[in-house]
Amino acid sequence: MDKSALGKETKEFVWEIEKGKIYEFAMAIVDNNPIYRDEDYAENANLRGIIAPPTFGTRLNFVPGVEKIDLKLNFHKVLHGEQQFEYFKPVRPGDKLYCKSKVVDIFEKSGRSGTMTFAVVETTCRDANGEKVLVARGTTIESS
């Protein structure tokens, strides 16, 4: 892993939230909660329409054309360590989120099989008014 990647960040990218993607995601995670697919139900639940499920932030990994930070990983020795999502507002169909990713931490720990290097990448998404909507944090682990 390239430890000099600490502090590197991507250019801002736009993530447009589509109703169909929210529906597909809810189906994929087998979450039948109607607040993710039924407009009337979500309106009656005082949500002003459907919202995205809490783990919908994983879709950030699949936004077309997004620049990725090259950590120079040996993918034969990589594990997905952790994923966190912090929401400040619900994510809704029609939202246009302005996002930027940054390597916020790189550290090492010793394990039974040797040294493991951890990289924490944080992606912050804001709405058109600049208000924070979502912060996604992912940890990647590379073993020695």
Side-chain angles (χ1 to χ4, degrees), residues 1-38 41-42 45-144:
M1 184 180 300
D2 180 11
K3 294 178 186 165
S4 70
L6 181 62
K8 286 187 179 177
E9 59 186 358
T10 64
K11 296 175 191 160
E12 183 177 79
F13 60 93
V14 177
W15 184 25
E16 295 188 49
I17 309 301
E18 301 171 37
K19 181 178 180 179
K21 293 298 181 189
I22 292 174
Y23 178 83
E24 288 171 4
F25 189 83
M27 295 290 288
I29 63 171
V30 193
D31 192 328
N32 296 317
N33 190 326
I35 65 173
Y36 307 134
R37 62 184 88 196
D38 184 327
Y41 185 90
N46 294 319
L47 294 172
R48 295 187 348 230
I50 68 170
I51 62 172
T55 55
F56 190 73
T58 58
R59 298 262 323 128
L60 280 163
N61 295 319
F62 307 103
V63 175
V66 172
E67 173 191 9
K68 303 286 185 202
I69 299 171
D70 185 6
L71 294 170
K72 296 182 177 38
L73 298 168
N74 177 347
F75 286 102
H76 297 289
K77 297 182 174 192
V78 169
L79 296 169
H80 177 75
E82 182 179 17
Q83 192 74 46
Q84 295 177 329
F85 304 103
E86 184 177 6
Y87 287 90
F88 298 88
K89 296 175 155 187
V91 172
R92 305 176 179 285
D95 283 354
K96 190 180 254 190
L97 301 180
Y98 300 86
C99 309
K100 209 173 202 185
S101 298
K102 182 177 182 176
V103 180
V104 295
D105 200 6
I106 295 179
F107 59 95
E108 292 182 341
K109 287 186 178 182
S110 295
R112 285 180 271 172
S113 60
T115 302
M116 297 178 293
T117 306
F118 295 71
V120 181
V121 177
E122 187 173 275
T123 303
T124 302
C125 298
R126 298 178 182 278
D127 63 18
N129 297 321
E131 293 181 30
K132 201 181 292 184
V133 175
L134 164 67
V135 175
R137 290 177 198 86
T139 303
T140 301
I141 305 168
E142 183 180 67
S143 61
S144 60

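Since we're looking at a predicted model, the values are computed, not measured.
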Asker: Just to verify, what does Lys19 make a salt bridge (Lys or Arg N to Asp or Glu O under 4.0 Å) with, not counting sequence neighbours?
Answerer: Glu39
Asker: Name all pairs fulfilling the side-chain hydrogen bond (donor to acceptor under 3.5 Å, both in side chains) condition that reach into residues 88-99, sequence neighbours left out, sorted by first residue then second.
Answerer: Lys89-Asp127, Lys89-Glu131
Asker: For the OH atom on Tyr41, are there more than 12 heavy atoms of other groups (residues, nucleotides or ligands in this structure) within a distance under 6.0 Å?
Answerer: no
Asker: Indicate yes or no: at least one non-hydrogen side-chain atom of Thr117 is less than 4.5 angstrom from one of Met1.
Answerer: yes
Asker: Counting only heavy atoms from other residues, nucleotides and ligands, does the tally under 6.0 Å from NZ of Lys68 exceed 12?
Answerer: yes
Asker: Name all residues meeting the salt bridge (Lys or Arg N to Asp or Glu O under 4.0 Å) criterion together with Glu18; count only those two or more places apart in sequence or in a different chain, and write none if there are none.
Answerer: none
Asker: For the residue pair Tyr87 and Gly57, what are the closest heavy atoms and their distance?
Answerer: OH-N, 3.4 Å
Asker: Might you work through the side-chain contact (heavy atoms from CB on, under 4.5 Å) test for Phe13 and Val66, ending with a clear yes or no?
Answerer: CA-CA 7 Å; Phe13 60 93; Val66 172; 3.5 Å; yes
Asker: Please round to the nearest 0.5 Å and tell me the distance separating atom CZ of Arg126 and atom CD of Glu12.
Answerer: 9.5 Å
Asker: So how far is it from Lys102 NZ to Leu6 CG, rounded to the nearest 0.5 Å?
Answerer: 8.5 Å
Asker: Test: side-chain hydrogen bond (donor to acceptor under 3.5 Å, both in side chains). Region: residues 135-144. Which pairs qualify, not counting sequence neighbours?
Answerer: Glu86-Arg137, Glu122-Arg137
Asker: Are the side chains of Arg37 and Asn32 in touch, meaning some heavy atoms are under 4.5 Å apart?
Answerer: yes
Asker: Compare all side-chain heavy atoms of Thr10 with those of Ile69 and state whether any distance is below 4.5 angstrom.
Answerer: yes
Asker: Do Val120 and Gln84 make a side-chain contact, defined as non-hydrogen atoms from C-beta onward lying under 4.5 Å apart?
Answerer: no
Asker: Out of curiosity, Ile29 CD1 to Glu24 CD, how far, rounded to the nearest 0.5 Å?
Answerer: 12.5 Å
Asker: As an exercise, state the distance from CG of Leu60 to CG of Leu97, rounded to the nearest 0.5 Å.
Answerer: 8.5 Å
Asker: Looking only at heavy atoms, which two atoms of Ala136 and Gln83 are closest? And how far apart?
Answerer: CB-NE2, 4.4 Å
Asker: Would you please test Val121 and Val104 for side-chain contact (heavy atoms from CB on, under 4.5 Å) and show each step?
Answerer: CA-CA 6 Å; Val121 177; Val104 295; over 6 Å; no
Asker: Do Ile22 and Phe25 have side-chain heavy atoms sitting under 4.5 Å apart?
Answerer: no
Asker: Between Phe56 and Leu134, is there a side-chain heavy-atom distance shorter than 4.5 Å?
Answerer: no
Asker: Give every residue pair that meets the disulfide (SG to SG under 2.5 Å) criterion with at least one member in residues 72-143, sequence neighbours excluded.
Answerer: Cys99-Cys125
Asker: Relative to Phe118, does Lys109 satisfy both conditions: NZ or CZ under 6.0 angstrom from the six-membered ring centre, and within 45 degrees of the ring's axis?
Answerer: yes
Asker: Closest heavy-atom contact between Gly81 and Ile141?
Answerer: CA-CD1, 3.7 Å
Asker: Roughly how far, to the nearest 0.5 Å, is CZ of Phe88 from OG1 of Thr124?
Answerer: 8.0 Å
Asker: Please give me the minimum heavy-atom distance between Asn33 and Asp31, naming the atom from each residue.
Answerer: N-OD1, 3.0 Å
Asker: So which heavy atom on Arg59 is nearest to which on Trp15, and how close?
Answerer: CB-CZ2, 3.6 Å
Asker: Would you name the heavy atoms of Ile51 and Pro90 that are closest together and state the gap between them?
Answerer: CG2-CB, 3.7 Å
Asker: When the side chains of residues 70-77 are checked against the rest of the protein, which donor-acceptor pairs come out under 3.5 Å, sequence neighbours left out?
Answerer:
residue, atom, partner, partner atom, Å
Asp70, OD1, Lys72, N, 2.8
Asn74, OD1, His76, N, 3.1

